[in-house]
Amino acid sequence: MGQINKFKNFLQAKDFYSCLKFVLLVLVLVLLVTLASFGSLSASNIIMVALFIILSSLFLKWPNIGLYSMVFLTPFWGWQYVSDKINVPYVDFFALSLFFALILRTVVAWLIKLEGDKVEGFTYFKKFFAWPYFLLFFVASAFSLLNSPDALISLKYLLRPLVFFYLMFVLLPINLIQTKKVFKRVLIAFLSSGVLTAILGLLTVIFTEGGLFARRAQSFPIFGVNLLGGNWNALAETLVVAIPCAIIFYFAAKKVHNRGYFVLLTMFLISILLLTLSRSGWLVLAFQFLILLFGFMRKSMFDKRVILLLGLTLLILVIVYVFFWAQISAVKGSDSSRWLMTSVAWYHFTNHPIIGNGLNTFNDLVGRTFVYAVEFGDPLDSHGFVQKLLAETGLIGFIAFVILLGYIFKNLLNGYLDSFGEKKLMILLLIVMAGGVVFFQLFSTSYFLAKMWLPLGVCLAGVKLYKV
């Protein structure tokens, strides 16, 4: 047990020589693993194993660095390590390295407790937020394997991304964000990646030739790589997180000129979001505006001004859609594709309404639909978690997921109602962020990825810090 205490002191040491010994230890471990793996792994896989060891060792001593890195990488789903058998987005790779490091810290903390010592100021897994609700969803999803044509593929999908998103993107931020200083840095990471993606979108607008839709804001390729891993919707997904972050820093700024900078930054992010011409992004932006509106005018839910603004907003959306979007052939084709996928999802839901057709079967179900193949070609994943869950997991999976989301927003709303002043405003903006990322997944495909769940995990951690 004495060695455990030495290890504890080593992790908490801050002097230069301890850090130097730590780096030398990491290099030795990398060398040993690389030599042991040589001949059984490709050169690129050996490099990735070595990188995993370096990152895990780094995050073992400084776990918050792993958290900031993971948050910053969240939008860049297209930046992946690809080999013959696997492809791993680097946000997942960093998350897994951080998770492994925190597991080791948790084991050390448990051994220290066995020895009778107190564990103070030592970050490890202590909080397992809403685990019964997540477990309910996982079990409900597991039942769908009974109807799956390939249970092994469905089981793999259950482990990743379903179990993966809870362990990596909910537990990690909730356990690591223990102070407002760390929380602020996490928001800076979100905002920084959002600004970077907005710049990539602006580059597309500037350097792309063609008409309005050809020049819409989307990810500008860097050395031929689409970092966002998607089209204009992937850019919009990132900005609906970055915009509330910019507003948070506007209200947090003490000096007037600093507030001016954040006003300009918010206007820039909103402008790029509008330039994506993403209908989903526009709807989410309007939805976030309405949440803010209710927050600032919360005295009466039936205030005449609220009803008037709601009516005008709805009218504007209808007019824009009827006289602009609905007249464009590409939009018509997208609508037709989504309606057909919804019809396919409903048809297969009626065949297996209780436990669904099996996890990760939606693409196959759509691909077997002759009309879709003729009209639209290769099948796509469901653009919306409602259709996805009803078709794949049936009613029990869908209801369990809704209960899970309901519990999350109940915590956010309770924190808002129990707080006052600046803290209340902070939690309101976190609700704006959380509401935006979930609402977006009614039209998108990132419902089990970091793009949705890491902002939710951060919002939950923030509410814990700011509620009274």
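Quick note: residue numbers are just sequence positions, from 1. The structure presented is a predicted model; accordingly, all values stated were derived computationally and were not measured.
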* Do Asn87 and Gln80 have side-chain atoms, one donor and one acceptor, less than 3.5 Å apart? -> yes

* To do: State whether the side chain of Asn175 and the backbone N or O of Phe125 hold a donor-acceptor pair below 3.5 Å, judged by distance alone.
  => no

* What closest approach, in Å, do Ala434 and Leu456 show between heavy atoms, and which atom pair accounts for it? -> CB-CD2, 3.6 Å

* To do: Check for a donor-acceptor pair, side chain of Arg259 on one end and backbone N or O of Lys254 on the other, with a separation under 3.5 Å.
  => no

* Structure fact -> CZ (Phe268) and CD1 (Ile243) are apart, to the nearest 0.5 Å, by 11.0 Å

* **Phe128 CZ: over 12 foreign heavy atoms closer than 6.0 Å** => yes

* **Approximate separation, where rounding is to 0.5 Å, of Leu429 CG and Cys245 SG** => 9.5 Å

* **Closest approach of Val284 to Phe439 (non-hydrogen atoms, all atoms of both residues)** => CG2-CD2, 3.6 Å

* To do: Compare all side-chain heavy atoms of Ile53 with those of Ser57 and state whether any distance is below 4.5 angstrom.
  => yes

* Asked: For the residue pair Gly194 and Thr197, what are the closest heavy atoms and their distance?
  -> O-OG1, 2.7 Å

* Asked: Do the side chains of Thr276 and Gln218 get nearer than 4.5 Å, heavy atoms only?
  -> no

* Report yes if the side chains of Arg216 and Val205 come closer than 4.5 Å at any heavy-atom pair, otherwise no. => no

* Asked: Between Gly358 and Ser148, what is the shortest heavy-atom contact and its length?
  -> CA-CB, 4.0 Å

* May I have the step-by-step check of side-chain contact (heavy atoms from CB on, under 4.5 Å) for Leu265 and Leu191, ending in yes or no? => CA-CA 10 Å; Leu265 182 58; Leu191 183 57; 3.9 Å; yes

* Is there a side-chain contact between Leu172 and Phe99 (heavy atoms, below 4.5 Å)? -> yes

* Verdict with supporting geometry, Ser154 and Asn360, side-chain hydrogen bond (donor to acceptor under 3.5 Å, both in side chains) -> CA-CA 6 Å; Ser154 294; Asn360 202 26; over 6 Å; no

* Rounded distance (nearest 0.5 Å) linking atom OG of Ser141 with atom CD1 of Ile396 -> 8.0 Å

* Asked: Would Arg160 count as a cation-pi partner of Phe164, with NZ or CZ less than 6.0 Å from the six-membered ring centre and within 45° of the ring normal?
  -> yes

* Asked: How are the rings of Tyr166 and Phe134 set to each other: parallel, tilted or perpendicular (split at 30° and 60°)?
  -> tilted

* Working for side-chain contact (heavy atoms from CB on, under 4.5 Å), residues Leu413 and Ile427 -> CA-CA 8 Å; Leu413 185 59; Ile427 296 177; over 6 Å; no

When the side chains of residues 445-454 are checked against the rest of the protein, which donor-acceptor pairs come out under 3.5 Å, sequence neighbours left out?
from: Ser446; atom 1: OG; to: Glu237; atom 2: OE1; distance (Å): 3.3
from: Ser446; atom 1: OG; to: Glu237; atom 2: OE2; distance (Å): 3.0
from: Tyr447; atom 1: OH; to: Ser382; atom 2: O; distance (Å): 2.9
from: Trp453; atom 1: NE1; to: Tyr447; atom 2: O; distance (Å): 2.7

* **Separation of Leu359 CG from Tyr157 OH (nearest 0.5 Å)** => 7.5 Å

* With no hydrogens and no angle check, is any side-chain donor or acceptor of Asn414 less than 3.5 Å from a backbone partner on Lys410? -> yes

* To do: Look at the side chain of Thr179 and the backbone N and O of Val182, then say whether any donor-acceptor pair between them is shorter than 3.5 Å.
  => yes

* Asked: Which heavy atom in Gln288 sits nearest to a heavy atom in Met433, and how many Å separate them?
  -> NE2-CA, 4.1 Å

* Heavy-atom distance under 4.5 Å between the side chains of Phe190 and Val186, does that happen here? -> yes

* To do: I would like to know whether Phe100 and Phe59 meet ring-ring contact (aromatic ring centres under 6.0 Å, His included); could you show each step before the answer?
  => CA-CA 9 Å; Phe100 179 73; Phe59 302 156; over 10 Å; no

* **Cation over ring face, Lys467 and Tyr416, 6.0 Å, 45°** => no

* To do: Answer yes or no: are there more than 12 heavy-atom neighbours, outside Phe138 itself, under 6.0 Å from its atom CZ?
  => yes

* Leu155 vs Leu145 side-chain heavy atoms within contact, under 4.5 Å -> yes

* To do: For Asn357 and Glu392, run side-chain hydrogen bond (donor to acceptor under 3.5 Å, both in side chains): C-alpha distance rounded to whole Å, both residues' side-chain angles, the deciding distance at 0.1 Å, then the answer.
  => CA-CA 5 Å; Asn357 295 272; Glu392 291 189 358; over 6 Å; no

* Structure fact -> So OH of Tyr68 and CG of Leu176: to nearest 0.5 Å the spacing works out to 9.0 Å

* **Aromatic contact, Phe398 with Phe385 (centres under 6.0 Å)** => no

* Pair Phe129-Tyr407, ring-ring contact (aromatic ring centres under 6.0 Å, His included): steps then yes or no -> CA-CA 10 Å; Phe129 173 81; Tyr407 182 77; 5.6 Å; yes

* To do: Applying side-chain contact (heavy atoms from CB on, under 4.5 Å), run through Thr208 and Phe220 and close with a yes or a no.
  => CA-CA 9 Å; Thr208 302; Phe220 188 81; 5.6 Å; no

* Report yes if the side chains of Trp79 and Pro89 come closer than 4.5 Å at any heavy-atom pair, otherwise no. => no

* Can you check side-chain contact (heavy atoms from CB on, under 4.5 Å) on Phe93 and Phe52, steps first, answer last? -> CA-CA 8 Å; Phe93 187 80; Phe52 181 83; 3.7 Å; yes

* Pick one: which of Thr238, Thr204, Asn226 meets side-chain hydrogen bond (donor to acceptor under 3.5 Å, both in side chains) with Ser219? -> Asn226

* Asked: Looking at side-chain heavy atoms only, is the closest gap between Phe443 and His383 below 4.5 Å?
  -> no

* To do: Count the heavy atoms of every other residue, nucleotide or ligand shown that sit under 6.0 Å from NZ of Lys156, and state whether that count exceeds 12.
  => no

* **Closest approach of Ile188 to Phe249 (non-hydrogen atoms, all atoms of both residues)** => CG1-CZ, 3.4 Å

* If you measure from CG on Leu235 to CG on Leu227, what distance do you get to the nearest 0.5 Å? -> 11.5 Å

